[in-house]
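Structure first, then comments.
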Amino acid sequence: NQFTTNFTGSLVMPLPYTRGFGQDNPNNTAIRTQEVARDSSEWQVKALVNQTARDIDLAYLEIVRTLEALKNANENRALIGQLRDRTDRLFAQSLSTRFQKAQYDNEYAKAQIRVENALQAYVNASVSLARLIGNPDAIAAADLYLPFAEGAELTAEAPFKLDQALATAQKNRPDYFIAGLNRSAAEIALAAARNQAQPDVQVSANIVSGQNSSVIGYENPIKSQANIFNPDSLNQTYGITYTYPWLNRALEAEAERAELNLQSSQVDVRATETQVRQEITVGLSTLQSARAQVRYSATQAKGLGAAVASLQRRLDVGVVSDDELITTSSQLLDAQQAVVNARINAKEAETILYYARGTINADLAARTSQSVAERRRLELLAGTGHVGLFAPADRPTETAATESTRVSR
């Protein structure tokens, strides 16, 4: 037997600085684009987590607001009810007029309506939270959510500073990274478009080296393969191909479009920076205003509470009129609700600031821990890597821990 071996080699490649050469070639561009898309997807997940945590926290705070309003409405109804019962007794003894009795009956009816409205607002707030967390029973109002131990959380004041918040946002806010990755993708696309707009110059080489029986074969395959570079015949073909479309308009237009996309992404980066700064600035302003309103309304409510108690004592001896007590008690109800609204507004502003900094997922986990043991447990879980998105934030100067849970059913 005679053994022969043939070798065929082909090479096709672009010349340097022509279309398809370098790191901006289509294959490498596709790899880099997918890497950017992968990183962007991770940050988009984090952004979605932050948005969901913000929306749920705001929905929870709305439950607290409506429940406190219901509590105040019930207390006002109880006060009006006591006055109505007193008037009824006096009317039965002919010591009060029919007008006074009708007046208190009307005030009690209005107090009852306020309670019903407050109860409906609370049910609506519970259903809104249920929609966010996907509880079908609560959506149908079969279950209601109750805040637990929210008093400590409402009175706690987390410290925020503009410079610290902005610096934290630059390190943690997903929107920054998403905008930056979009810009990176646009830069890659522009470089690829410019590469494709270059002249298309391809060099090629084809070599066929062969052994055949016309001379003599080899007695075994090993000798045949060892002498592959000692061929009986050798064919070599070399070529160069130059391609340039008429005026190259399509590829030049694609490069211009990619450049415009890059400029648009750069604008988006600046817009994101402006948006985050505005969110933090507005949040800080709202927070300061709400905290000031809490102090003012609390002082006003305290004074009106003392006034109502004094008027009740003086009413028994006939020194003041029923109208004065009714008016003052109504003012007290408004002041108490103003305190609640201001506190909730302050907590909502804190939630917005946590979100604006991009740390609400971690900060919320720490704030919702019920005890020191739970916070320690959360830290241990974070150390294992199983709760990466909700790991406690390592910023003790910016996060106020509380001893309350969020919701119980």
Margin query: Would T52 and L132 count as a side-chain contact (heavy atoms from CB on, under 4.5 Å) here? Give the steps.
Written below: CA-CA 8 Å; T52 303; L132 288 174; over 6 Å; no
Item checked: From CA spacing to verdict: side-chain contact (heavy atoms from CB on, under 4.5 Å), R84, K101 -> CA-CA 7 Å; R84 186 192 64 170; K101 182 179 184 309; over 6 Å; no
Margin query: Using side chain to side chain donor-acceptor pair (under 3.5 Å), reason through Q275 and E279 one step at a time and then give a plain yes or no.
Written below: CA-CA 6 Å; Q275 176 189 347; E279 288 178 0; 3.0 Å; yes
Notebook entry, point to check: Does the pair I63 and L129 meet the rule for a side-chain contact (heavy atoms from CB on, under 4.5 Å), with working shown?
Noted result: CA-CA 8 Å; I63 287 182; L129 178 60; 3.5 Å; yes
Next item on the list: Check the pair T241 / T243 against side-chain contact (heavy atoms from CB on, under 4.5 Å), numbers first and verdict last.
Entry: CA-CA 7 Å; T241 304; T243 305; 4.0 Å; yes
Note to self: Go through it in stages, so that I can follow the logic: the residues are E350 and R291, the test is salt bridge (charged side-chain N to carboxylate O under 4.0 Å, His left out), and I'd like the CA-CA distance, side-chain angles, deciding distance and then a yes or no.
What the structure shows: CA-CA 11 Å; E350 289 183 6; R291 287 177 176 175; 2.8 Å; yes
Margin query: Between D163 and K161, does the salt bridge (charged side-chain N to carboxylate O under 4.0 Å, His left out) criterion hold? Intermediate values first, please.
Written below: CA-CA 6 Å; D163 293 341; K161 294 182 179 179; over 6 Å; no
Next item on the list: Evaluate the side chain to side chain donor-acceptor pair (under 3.5 Å) criterion for residues R183 and Q266: first the C-alpha distance (whole Å), next the side-chain angles of each, then the deciding distance (0.1 Å), finally the verdict.
Entry: CA-CA 6 Å; R183 179 178 59 188; Q266 292 172 339; over 6 Å; no
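Judged by a 6.0 Å distance limit and a 45° cone about the ring axis, R19 is not positioned over the six-membered ring of Y244.
To the nearest 0.5 angstrom, R54 atom CZ is 11.0 Å from I56 atom CD1. Taken from OG in S233 to CG in N6, the straight-line distance is 7.0 Å, to the nearest 0.5 Å. Taken to the nearest 0.5 Å, the CD1 atom of I360 stands 10.5 Å off from the CZ atom of R173. Within the model, atoms CG of D105 and CZ of R98 stand 10.5 Å from one another, a figure rounded to the nearest 0.5 Å. In this structure, CZ on R194 lies 10.5 Å from CD on E252, to the nearest 0.5 angstrom. L353 CG to Y355 OH: the interatomic distance, rounded to the nearest 0.5 Å, is 12.5 Å.
Side-chain atoms of S126 never come within 3.5 Å of backbone atoms of Y122 as a donor-acceptor pair (strictly under, hydrogens ignored). Under the 3.5 Å distance criterion, the side-chain polar atoms of S264 are left unmatched by any main-chain donor or acceptor of L260. For N172 (side chain) and T168 (main-chain N/O), a donor-acceptor pair under 3.5 Å exists by modelled atom type. In this structure, the side chain of S310 does not engage the main chain of A307 through any donor-acceptor pair within 3.5 Å. T299 contributes a side-chain N or O that, together with a main-chain N or O of R295, makes up a donor-acceptor pair within less than 3.5 Å. Under the 3.5 Å distance criterion, the side-chain polar atoms of N248 are left unmatched by any main-chain donor or acceptor of L251. For the pair T328 (side chain) and V308 (backbone), a donor-acceptor distance under 3.5 Å is absent. Without hydrogens or angle criteria, S285 side chain to T281 main chain gives no donor-acceptor distance under 3.5 Å. At distances below 3.5 Å, not a single donor-acceptor pair connects side-chain atoms of S40 with backbone N or O atoms of V36. With hydrogens and angles disregarded, a donor-acceptor distance shorter than 3.5 Å links the side chain of T351 to the backbone of K347.
Scanning all heavy atoms of the two residues, the minimum distance from S329 to I80 falls at OG-CD1, 4.0 Å. Considering every non-hydrogen atom in both A255 and L190, the closest pair reads O-CD1, 3.5 Å. Across L70 and L119, no two heavy atoms sit closer than the pair CD1-N, 3.8 Å. Looking at every heavy atom in both residues, Q198 comes nearest to T18 through CB-C, 3.9 Å. Nearest heavy atom pair, residue A301 against residue L332, reads O-CD1, 3.5 Å. When all heavy atoms are compared, the tightest approach of Y176 to A169 is CD1-O, 3.1 Å.
Contact annotation: the side chain of E75 approaches that of K71 to within less than 4.5 Å [non-hydrogen atoms, C-beta and beyond]. For the pair V339/R343, a side-chain contact is recorded, criterion being any heavy-atom separation below 4.5 Å from C-beta on. Proximity of E348 to R65: side-chain heavy atoms (C-beta onward) are separated by under 4.5 Å at one or more points. Considering only heavy atoms from C-beta on, R32 comes within 4.5 Å of Q23 through its side chain. Contact annotation: the side chain of I207 never approaches that of N235 to less than 4.5 Å [non-hydrogen atoms, C-beta and beyond]. Residues D268 and N182 have side chains not in contact (no heavy-atom distance under 4.5 Å, counting atoms from C-beta outward). With contacts defined as side-chain heavy-atom distances shorter than 4.5 Å, the pair I280/I352 does not qualify. Side-chain contact check for V267 versus R270: some heavy-atom pair is nearer than 4.5 Å.
R114 and N117 are not linked by any side-chain donor-acceptor pair at a separation below 3.5 angstrom, with hydrogens and angles left out of the test. Counted by atom type alone, E107 and Q103 present zero donor-acceptor pairs between their side chains at under 3.5 Å. Y60 and E62 form no side-chain donor-acceptor contact under 3.5 Å, judged by distance and modelled atom types alone. Counting only N and O atoms by type, the side chains of Q336 and D334 include no donor and acceptor under 3.5 Å apart. Of the N and O atoms on the side chains of N341 and Q337, at least one donor lies less than 3.5 Å from an acceptor on the other residue. Side-chain contact of D55 with Q51: a donor-acceptor pair under 3.5 Å is absent, judged by distance alone. For the residue pair N206 / S10, a side-chain donor-acceptor distance below 3.5 Å is found, with atom types taken as modelled.
Below 30°, between 30° and 60°, or above 60°: for F160 and Y354 the angle between ring planes is above 60°, a perpendicular geometry.
The neighbour count for R277 CZ, taken as heavy atoms of other residues, nucleotides or ligands under 6.0 Å away, does not exceed 12. Atom CZ of R38 is surrounded by more than 12 heavy atoms from other residues, nucleotides or ligands within 6.0 Å. Within a 6.0 Å sphere centred on CG of L11, other residues, nucleotides and ligands contribute more than 12 heavy atoms. Open room surrounds CD on Q278; 12 or fewer heavy atoms of other groups in view lie less than 6.0 Å from it.
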